[in-house]
4 protein chains.
Amino acid sequence: MARATHTTEASGTSRPGPRHHGNRHGRSEEARLAVLHAADGLLVEKGFAGVTMEGIATRAGVAKQTIYRWWSTKTDVLMDAFLQDVAEDLTARDSGDTARDLRVYLRELAWFLSASDPGAVFRALIAQAQHDPVFAQEFRSRYLDEQRRRDRRLLERAVERGELPPDLDLTAETDQLMGPVYYRVLVTDGPVGKEFTDRLVDAFLARHGLTAKS
Amino acid sequence: MARATHTTEASGTSRPGPRHHGNRHGRSEEARLAVLHAADGLLVEKGFAGVTMEGIATRAGVAKQTIYRWWSTKTDVLMDAFLQDVAEDLTARDSGDTARDLRVYLRELAWFLSASDPGAVFRALIAQAQHDPVFAQEFRSRYLDEQRRRDRRLLERAVERGELPPDLDLTAETDQLMGPVYYRVLVTDGPVGKEFTDRLVDAFLARHGLTAKS
Amino acid sequence: MARATHTTEASGTSRPGPRHHGNRHGRSEEARLAVLHAADGLLVEKGFAGVTMEGIATRAGVAKQTIYRWWSTKTDVLMDAFLQDVAEDLTARDSGDTARDLRVYLRELAWFLSASDPGAVFRALIAQAQHDPVFAQEFRSRYLDEQRRRDRRLLERAVERGELPPDLDLTAETDQLMGPVYYRVLVTDGPVGKEFTDRLVDAFLARHGLTAKS
Amino acid sequence: MARATHTTEASGTSRPGPRHHGNRHGRSEEARLAVLHAADGLLVEKGFAGVTMEGIATRAGVAKQTIYRWWSTKTDVLMDAFLQDVAEDLTARDSGDTARDLRVYLRELAWFLSASDPGAVFRALIAQAQHDPVFAQEFRSRYLDEQRRRDRRLLERAVERGELPPDLDLTAETDQLMGPVYYRVLVTDGPVGKEFTDRLVDAFLARHGLTAKS
DNA sequence: GCCTAATCGAGACGGTACGTCTAGTCTTATA
DNA sequence: TATAAGACTAGACGTACCGTCTCGATTAGGC
């Protein structure tokens with residue numbers, strides 16, 4: 001899914017692998033990972049303003065030109081770093097119990113957004129998206145669209161089980177369910193603990209005539 | 001409330017005002033407004049990255065030192081510009097019809113966030129808040145807290161009318177109602193038209209056993 | 001004569017003088033001198049390739065922008081440094097004895113070109129002039145033309161004394177007299193000691209029927 | 001004599017020659033010539049600053065590594081290009097008439113230095129020699145010494161004919177004769193036409209009691 | 001009607017990071 | 001074994017802004 005995120009070298013075998021420092025078979029995997037880790041580290045340690053191309057290069061032990069060869073901006077690097085770390089992480093379980101799955105998932109989402117390291121990167125990328133529509137579009141097509149598809153799956157499974165009517169606007173329902181969590185994290189800095197997420201889930205269940213089993 | 005936001009000069013009279021380029025009676029109202037307009041204009045015309053202290057100074061015909069004397073950062077200038085323009089704009093009407101008021105208000109909110117010029121500044125400030133906790137805190141205390149108090153008023157009036165139970169967590173209810181609009185604007189770029197905002201209001205009304213009058 | 005070479009501050013008084021670190025009265029004399037000395041020092045210590053804008057800035061304790069504000073290239077800096085040091089140095093004495101004056105002057109010229117620190121800068125500037133016609137023109141109008149006028153004075157005085165015919169092409173005579181010294185320094189690396197310079201002077205004297213008095 | 005200047009491939013036959021892009025028969029003559037022509041072309045078209053290893057490689061359709069394998073610097077390439085073109089060009093004729101030969105030769109020299117394409121390369125190399133003593137030494141041993149030997153030949157023939165005394169310092173005499181031409185070309189940008197070169201020759205002839213036949 | 005103090009426009013200053021360019025080294029596949 | 005291709009580290013280039021500073025001019029208010 002993610003551009004420049006996987007490689008044919010890294011798979012399976014435990015051979016040390018070739019030490020490309022530049023050759024005709026494309027980029028150095030070593031340099032790529034050093035850049036992504038450096039960007040990640042700088043963001044966590046010094047905040048967004050502390051992430052600079054110059055700083056990434058120095059910390060990664062890489063030439064600036066190597067960064068510019070593969071990425072266009074520091075937010076582009078951060079996006080790759082983010083995708084590398086979390087692309088597949090936030091996926092809802094399917095226990096057969098819709099209410100339970102929703103509660104667990106919203107709690108995981110809230111933790112991810114408000115407390116995890118990748119969540120900090122996510123917030124930085126969302127911030128950048130406010131300033132730069134082109135970046136926003138790329139972030140959506142490289143991560144958000146996929147993530148929202150995963151979010152939807154929760155409700156789709158409930159439709160499949162016959163718990164929700166088949167003609168429901170699942171996109172709107174999902175946004176209505178998850179939106180308040182994003183709002184509190186990005187805007188109000190309000191608490192997004194179990195109390196709040198469960199309230200959102202309960203409202204959703206009630207809205208559709210479902211009762212929590214627990 | 002806001003530092004550096006009002007002055008004793010601006011009051012009442014319609015005289016052209018003195019042309020002091022330096023005096024001992026405090027700051028120049030002329031310079032203050034020129035700076036705020038310049039910052040606003042640059043943001044609208046060139047985007048956030050196009051707003052620089054240097055650029056503001058040039059466009060406002062003001063010395064950089066004058067800006068630094070009264071503001072600390074460019075986002076501080078933008079915040080003042082934002083407050084100057086919109087501080088009081090987004091206030092819900094009170095028609096006595098809760099359902100109607102909610103629908104109107106959410107539509108206004110959606111328009112403000114997604115389509116207005118001040119909304120663009122708001123999004124830039126929210127973005128900055130992601131990068132800078134100190135700024136975030138200041139933005140909340142200078143605008144967001146007040147705005148959320150206005151948002152709450154809508155529900156408080158319904159409580160006063162006996163339409164909602166008095167022990168309701170109004171903060172959580174407000175966030176649940178408004179959050180999805182912010183989410184779509186800031187994150188998904190999804191549509192926030194009448195269809196979506198009315199759906200949010202309807203869900204709220206149904207949740208509390210209220211029926212729309214229309 | 002030289003642009004940016006003198007200042008109104010430095011004259012006469014022993015007051016410490018104001019410590020401009022940037023003000024509306026124009027440039028900082030302190031910074032100007034630091035840049036010129038740094039450039040000079042780098043050339044002498046590390047050779048022409050060791051002179052970089054970055055290096056000058058660092059050694060001078062000055063911002064790069066300050067250099068670019070007043071000079072356009074590193075050779076422009078070197079030219080100013082050269083002019084600062086030697087503009088008036090190479091002037092022939094007038095003892096009344098043409099032969100003696102010529103001999104002394106050519107020896108001084110040879111020493112200047114081949115052995116002095118400013119001579120090293122001169123050779124670097126002549127080198128740059130080969131690569132860049134615009135620079136060549138500026139170097140001529142800022143130094144060489146003046147220097148050649150001083151060279152000519154030697155012969156003009158002989159004309160005034162009636163030792164040389166008044167219709168002589170003094171430019172050509174001067175070039176014929178001095179040229180071989182430059183040739184050996186710039187091209188062949190041959191010796192330019194007393195033996196060689198005296199030979200040039202003797203040939204000149206003989207050519208015009210003058211006899212050396214010594 | 002010159003390193004990297006001849007090859008065993010180029011000899012004799014008029015066959016189109018093998019197209020080895022990688023072989024085990026030593027270096028590619030094709031690549032060598034492409035590099036020299038590219039360097040030459042870049043110097044003439046874009047000036048010295050426009051000659052870069054990268055540019056030469058691109059224009060020659062050659063890998064940078066191939067250049068570095070056979071040459072150490074761009075001036076080394078230019079020197080080879082220069083030698084390839086002009087090594088033997090500037091040789092004085094021997095008509096038996098010393099005065100005539102001198103006049104013709106100095107005119108050719110002046111034209112070569114000031115107006116020819118190889119002359120432009122020569123000036124670039126002399127410039128580089130000012131900056132880099134090692135290069136200067138190599139340039140002398142690879143070209144200048146040989147050229148000065150050819151220059152001397154003119155005077156040696158006059159000695160052989162008995163026109164000049166056998167104990168003359170021919171090196172000094174040659175430098176005295178030619179030096180002013182180099183001086184005007186490299187330093188003053190003065191005219192080096194027939195008038196000037198003839199004046200130099202006449203002075204030389206008069207100095208040694210020779211009379212021009214024409 | 002001076003003197004004083006605060007603020008103004010102007011702009012030079014020491015810095016940091018930008019994004020680009022070229023240098024010179026290295027690795028690989030091809031011939 | 002030499003080649004074309006091209007990725008790599010390194011570091012200078014010239015530019016844009018940052019935030020600080022110093023200055024002369026302007027303008028009340030206090031003397």
Side-chain angles (χ1 to χ4, degrees), chain A residues 18-28 30-31 49 51-55 57 60-70 72-74, chain B residues 18-28 30-31 51-58 60-70 72-74, chain C residues 18-28 30-31 49 51-58 60-70 72-74, chain D residues 18-28 30-31 49 51-55 57-58 60-70 72-74:
Chain A
R19 284 218 164 256
H20 310 317
H21 269 282
N23 58 44
R24 69 182 313 181
H25 303 297
R27 67 196 295 189
S28 155
E30 205 175 348
V51 182
T52 65
M53 288 301 224
E54 209 110 57
V62 143
K64 273 202 299 180
Q65 186 56 48
T66 297
I67 304 183
Y68 282 107
R69 195 164 12 241
W70 303 109
S72 56
T73 61
K74 71 176 186 176
Chain B
R19 274 213 168 264
H20 32 246
H21 274 276
N23 60 46
R24 56 184 308 184
H25 304 293
R27 68 194 295 189
S28 155
E30 204 176 349
V51 182
T52 65
M53 287 302 226
E54 211 114 55
I56 293 170
T58 302
V62 142
K64 275 201 305 180
Q65 187 55 45
T66 299
I67 305 182
Y68 283 107
R69 188 151 29 225
W70 304 108
S72 58
T73 63
K74 72 175 186 176
Chain C
R19 285 219 162 257
H20 310 318
H21 268 283
N23 58 44
R24 70 180 315 181
H25 303 299
R27 66 196 297 188
S28 154
E30 206 175 348
V51 183
T52 64
M53 288 303 223
E54 208 108 61
I56 294 170
T58 302
V62 143
K64 274 203 296 180
Q65 187 55 49
T66 297
I67 305 183
Y68 283 107
R69 196 164 10 238
W70 303 109
S72 55
T73 61
K74 70 176 185 176
Chain D
R19 278 216 165 260
H20 33 247
H21 273 276
N23 61 43
R24 53 190 309 182
H25 309 291
R27 72 190 294 189
S28 156
E30 203 176 352
V51 183
T52 64
M53 288 302 225
E54 212 116 61
T58 302
V62 141
K64 275 200 308 180
Q65 187 55 45
T66 299
I67 305 182
Y68 282 107
R69 192 157 18 235
W70 304 107
S72 57
T73 62
K74 71 174 186 175

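The chains referred to below are lettered A, B, ... by the order of the sequence lines, with proteins before strands, and numbering in each begins at 1. Values in this document were obtained by computation on a predicted structure and should not be read as measured data.
Between B:Arg69 and E:dC8 there is a side-chain polar atom (N or O) within less than 4.0 angstrom of OP1 or OP2. Distances shorter than 4.0 Å separate some side-chain N or O of D:Thr66 from OP1 or OP2 on F:dA4. Taking only side-chain nitrogens and oxygens, A:Trp70 never comes nearer than 4.0 Å to OP1 or OP2 of F:dG6.
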Can you give me the N/O atom pairs linking the protein to nucleotides 15-18 of chain F at distances under 3.5 Å, or say none if there are none?
residue : atom : partner : partner atom : Å
F:dC18  : OP1  : B:Met53 : N            : 3.1
F:dC18  : OP2  : B:Met53 : N            : 2.9
F:dC18  : OP2  : B:Glu54 : N            : 2.9

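Checking C:Ala60 against A:Thr73, the closest nucleotide of DNA chain E that is more toward the 5' end is the one next to C:Ala60. When the nearest nucleotides of DNA chain F are assigned to A:Val62 and D:Ala31 by heavy-atom distance, the more 5′-ward of the two goes with D:Ala31.
Considering only residues two or more places apart in sequence or on other chains, D:Lys64 meets the salt bridge (Lys or Arg N to Asp or Glu O under 4.0 Å) condition with D:Glu54.
Closest heavy-atom contact between C:Met53 and C:Thr73: CE-C, 3.5 Å. The heavy-atom pair separating B:Val51 from B:Lys74 by the smallest distance is O-NZ, 2.8 Å. For B:Ala63 against B:Ala57, the heavy-atom pair with the smallest separation is C-CB, 4.4 Å. Considering every non-hydrogen atom in both D:Ala31 and D:Val62, the closest pair reads CB-CG2, 4.0 Å.
Atom CD1 of A:Ile67 is separated from atom P of E:dT20 by 13 Å (rounded to the nearest Å).
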